[in-house]
Amino acid sequence: MSDKKKKDVAAVSTYADHEVILPPNKLKKAVQKVKPGTKIDFDPVASAEAALAELSDDFSQWMEQEGERLTRARNDVTASGINSANRDTLFRAAHDIKGQAATLGFPLVSAVAESLCRLIEHTGDPQRIPFELVDQHVDAVRAIMREQGQPGADAVAEELTQRLREVSKDFLRREGKDLDEIENGPSIAP
């Protein structure tokens, strides 16, 4: 066997009660040898930021699609009443927006989606969730997305978010929920 083929084959040492297998180290081929003091011209953060910048034109479209998904979920709940299946669909749509909004350039949308998630997550009986409050959350998500970048929009979004959080907390408090536990405890997503 040639020296090159020997390097590509695992070395096996056999003992009475076990074997030791040393796989070939193929990573050595991928590593660039650099002399000490040589500047490496690669910045992974800059590379990731450049990739995001290329994709950023699509961010608004992606958020619009997520907003439409949330609206469809809300409309399904409104049309047929809330049940565990459409409650989960509504939660997932809001949860996805909560997680993606900041990355996609809509950080103020995230807080409203989080408030809706909390409302859904911590209301034991889905039938007790007020449709009006769900509507207000979904409409707020859509409005904040639509108005982003307009003069004064951030202040209005923050005020709207704060009010939705207060109303949701008040509802959960009346449902007998421990708000400290909700604020500080782990997620119990449906």
Side-chain angles (χ1 to χ4, degrees), residues 1-70 72-73 76-77 82-126 129 141 165 168 172 175-190:
M1 192 178 288
S2 72
D3 285 339
K4 183 176 181 173
K5 293 222 181 220
K6 285 182 185 178
K7 290 181 182 179
D8 290 338
V9 177
V12 179
S13 300
T14 304
Y15 299 91
D17 60 344
H18 67 282
E19 287 185 338
V20 175
I21 302 172
L22 296 173
N25 186 352
K26 295 180 181 181
L27 292 176
K28 286 183 180 179
K29 294 176 190 175
V31 175
Q32 181 181 15
K33 292 187 179 188
V34 180
K35 293 180 183 176
T38 304
K39 185 178 184 227
I40 299 173
D41 192 28
F42 176 71
D43 181 358
V45 174
S47 178
E49 287 174 348
L52 280 175
E54 279 186 42
L55 294 172
S56 66
D57 292 340
D58 297 330
F59 288 178
S60 293
Q61 181 182 356
W62 293 341
M63 273 304 294
E64 182 61 31
Q65 290 170 350
E66 292 298 323
E68 289 170 3
R69 186 171 143 228
L70 180 64
R72 283 192 307 273
D76 186 36
V77 165
I82 196 161
N83 57 49
S84 62
N86 63 21
R87 178 189 78 169
D88 291 352
T89 301
L90 181 64
F91 178 85
R92 281 192 305 276
H95 192 268
D96 287 350
I97 288 174
K98 178 184 91 166
Q100 297 170 3
T103 301
L104 298 179
F106 295 84
L108 297 174
V109 172
S110 185
V112 175
E114 179 183 15
S115 177
L116 179 55
C117 286
R118 186 172 293 165
L119 177 68
I120 296 167
E121 184 176 33
H122 293 286
T123 303
D125 178 4
I129 298 173
V141 164
R165 282 181 172 169
S168 296
L172 292 171
E175 289 291 301
K177 300 298 178 178
D178 180 353
L179 295 181
D180 287 335
E181 184 178 314
I182 290 172
E183 295 286 326
N184 303 316
S187 176
I188 56 166

- Task: Starting from the C-alpha separation in whole Å, work towards a yes-or-no answer on side-chain contact (heavy atoms from CB on, under 4.5 Å) for Val77 and Arg87.
- Result: CA-CA 7 Å; Val77 165; Arg87 178 189 78 169; 6.0 Å; no
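Between Ile82 and Pro126, the closest heavy-atom pair is CG2-O, 3.1 Å. What you find for Ser110 and Lys98 is that their closest heavy atoms are OG-O, 2.8 Å. What you find for Ala113 and Ile97 is that their closest heavy atoms are CB-CG2, 3.8 Å. A pairwise comparison of heavy atoms in Ala10 and Pro23 identifies CB-CA, 4.0 Å as the closest pair. Between Ser60 and Phe106, the closest heavy-atom pair is OG-CZ, 3.9 Å.
Distance OG1/Thr103 to CE/Met63: 10.0 Å, rounded to 0.5 Å. One finds the CG atom of Leu172 at 5.5 Å from the CG atom of Leu119 (value rounded to the nearest 0.5 Å). Here Ser13 contributes atom OG and Leu22 contributes atom CG; the two are 6.0 Å apart, rounded to the nearest 0.5 Å. Going from atom CZ of Arg69 over to atom CG of Leu90 covers 10.0 Å, rounded to the nearest 0.5 Å. Distance check: Lys177 NZ to Ser168 OG gives 14.0 Å after rounding to the nearest 0.5 Å. Considering CG of Leu116 and CZ of Arg165, their distance stands at 12.5 Å, rounded to 0.5 Å.
Side-chain atoms of His95 and Glu114, non-hydrogen and from C-beta on, never get closer than 4.5 Å to each other. Side-chain atoms of Val141 and Leu70, non-hydrogen and from C-beta on, do get closer than 4.5 Å to each other.
With hydrogens and angles ignored, the 3.5 Å screen pairs a side-chain donor or acceptor of Asn86 with a backbone N or O of Asn83. Panel note: side chain Thr89, backbone Ala85; a donor-acceptor pair is recorded below 3.5 Å.
A salt bridge is defined here as a Lys NZ or Arg NE, NH1 or NH2 lying under 4.0 Å from an Asp or Glu carboxylate O, and Arg118 with Glu121 fails to meet this definition.
Between Phe59 and Trp62, the ring-plane angle classifies as tilted under the 30° and 60° cut-offs.
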